[in-house]
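Notes for the one structure printed next.
These figures come from a predicted structure and were not determined experimentally. Chain A is the first sequence line, chain B the second, and so forth, proteins listed ahead of strands; every chain is numbered from 1.
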Amino acid sequence: MVTATVSIDLFSGRSNPVWHLASAQVVALLRRLGDLVVAGRHASFPEGMGYRGIDVVLFDSDADTETMVRICRGWVVLNGRTLLDSDRALELWLLRSCPADQQGEWCKEVVERIEAGHVG
Amino acid sequence: MATIITLDIFSGCPNPQWVLSPKQESELEERMNSVTERTDSPPGGIFSGLGYRGVSVQRAESLGKGGFEMFLGGGILDPGPKSANLKDRGGELETWLVNTAGSVLLPDLMDHIHQRREKFTDILKDHLDMVQAGCPKCVAADAPAYDPAYWNNPQHQPYNNCYNYANNQRTDTFAQPGRATGKPITALSCQGVTPSAESDGLAACGDFSTPLSRGWYVALVIWPGNDYHWYRQDDCGCWSHKPGQTAACNTDNSGQPIVDPKSADRGPYTDFCTYMVTNNGVTIK
């Protein structure tokens with residue numbers, strides 16, 4: 001069985017928002033990851049203050065393996081490969097998967113900025 | 001008259017060494033003659049820590065020819081204490097010297113050196129940027145030195161935040177204002193965070209110009225409703241910070257040196273609350 005833990009690399013003082021995806025969401029995530037195409041160049045992720053990207057840890061309990069995924073700016077880095085997240089669809093889907101008890105003003109702000117075409 | 005090249009790279013094992021051929025020695029002399037531009041900058045490698053730090057050249061005195069010893073790192077040639085440092089433009093001399101190693105160095109080691117040298121150039125640029133930025137004078141007796149290597153390592157970087165960094169206390173607890181003294185943050189606003197910091201022992205102040213015989217200056221800013229952030233003034237006069245789990249750095253969101261956090265690019269942390277004074281006796285967790 002595969003589980004997925006999502007964390008948003010966002011805050012400075014507070015701990016970053018972290019949540020677990022439901023089983024159906026994990027299946028959808030794996031399908032989305034499988035549909036991505038390989039990018040022609042290396043990813044470049046934002047640094048500094050504010051939203052810096054999404055980290056997903058996939059844990060396969062059968063194989064006892066952990067896979068790290070980094071997502072931001074239309075890039076997805078998975079197993080050392082850079083993939084293209086066209087229209088940042090996967091990134092927005094993950095942000096919207098945030099449960100209500102983790103949501104704050106940040107979620108709305110980040111989604112709005114991405115939808116408005118901001119890079120960070 | 002052997003010219004010995006030593007790579008300054010290892011910690012436990014002996015550093016790799018090799019001897020230049022007579023032809024390479026002649027070429028070295030020619031190349032050294034073209035390095036003449038003086039600089040006040042130190043060799044980039046001295047900033048670095050573990051891994052490749054630079055390359056040293058030693059030639060013993062012999063029959064009519066003087067000996068010498070020099071060190072190259074990050075595009076700077078240090079000919080020793082009696083002469084000024086020189087700019088090795090584009091790191092050409094350093095590159096040439098490293099490449100004279102031939103088969104002495106394994107390809108993996110060579111890759112590591114190239115990666116590190118690119119980093120040195122960045123560090124040196126940061127250093128020069130700080131000098132040129134016109135940092136304000138630091139008048140706080142205990143202001144910490146900017147030492148990102150102390151924070152930016154896998155054992156500590158993820159577990160210390162801006163509050164740890166500003167107070168210069170690596171607790172590995174992702175410290176929160178007021179948690180150590182039972183007065184947690186009440187809201188993500190200036191009014192909600194400042195009393196918690198005061199409870200820990202920090203004291204608000206109007207600016208950072210009053211000489212302090214104890215402690216140093218920090219500054220609190222807020223991303224309204226979402227988060228807070230702290231900066232600290234280092235002994236060089238400019239400010240630095242550690243945004244959450246990310247690396248400590250001394251530039252703002254626009255990549256500029258932080259002369260004053262009030263005027264720096266702070267991203268979404270739009271509310272500047274106050275400067276404060278902290279000291280080594282403050283308790284955080």
Requested in this report: For the residue pair B/Pro243 and A/Arg52, establish whether any side-chain heavy-atom pair is separated by less than 4.5 Å.
Outcome: yes

Query raised in the report: So do A/Phe11 and B/Trp223 actually touch side chain to side chain, heavy atoms under 4.5 Å?
Result: yes

Report summary line: Output for pair (A/Glu105 CD, B/Asp227 CG), nearest 0.5 Å, gives 13.5 Å

Report task. Would you please go through residues 268-278 of chain B and name the residues with a non-hydrogen atom below 4.5 Å from one of chain A, in numerical order? Result -> B/Pro268, B/Tyr269

**Report entry** Closest non-hydrogen atom pair between A/Ser12 and B/Lys242, with its separation
**Finding:** OG-O, 3.7 Å

Report summary line: Okay, B/Ile185 and chain A: the region with an atom under 4.5 Å from a heavy atom over there is neither

Query raised in the report: Do you know which two heavy atoms are closest between A/Arg14 and B/Phe174, and how far apart they sit?
Result: O-CE2, 3.2 Å

Query raised in the report: Quick one: what part of B/Asn226 sits under 4.5 Å from any heavy atom of chain A, side chain, backbone, both or neither?
Result: both

Report task. With sequence neighbours excluded, tell me which residues meet salt bridge (charged side-chain N to carboxylate O under 4.0 Å, His left out) with B/Lys183. Result -> none

Query - Partners meeting salt bridge (charged side-chain N to carboxylate O under 4.0 Å, His left out) with A/Arg96 (sequence neighbours left out) - result: A/Glu115

Query raised in the report: B/Gln245 versus A/Asn16: any side-chain heavy-atom pair under 4.5 Å?
Result: yes

Requested in this report: Could I get the full list of ring pair (Phe, Tyr, Trp, His ring centres under 6.0 Å) partners for B/Tyr165, not counting sequence neighbours?
Outcome: B/Trp151

Query raised in the report: Which one, A/Gly48, A/Gly13, A/Ser15, leads in non-hydrogen pairs under 4.5 Å with chain B?
Result: A/Gly13

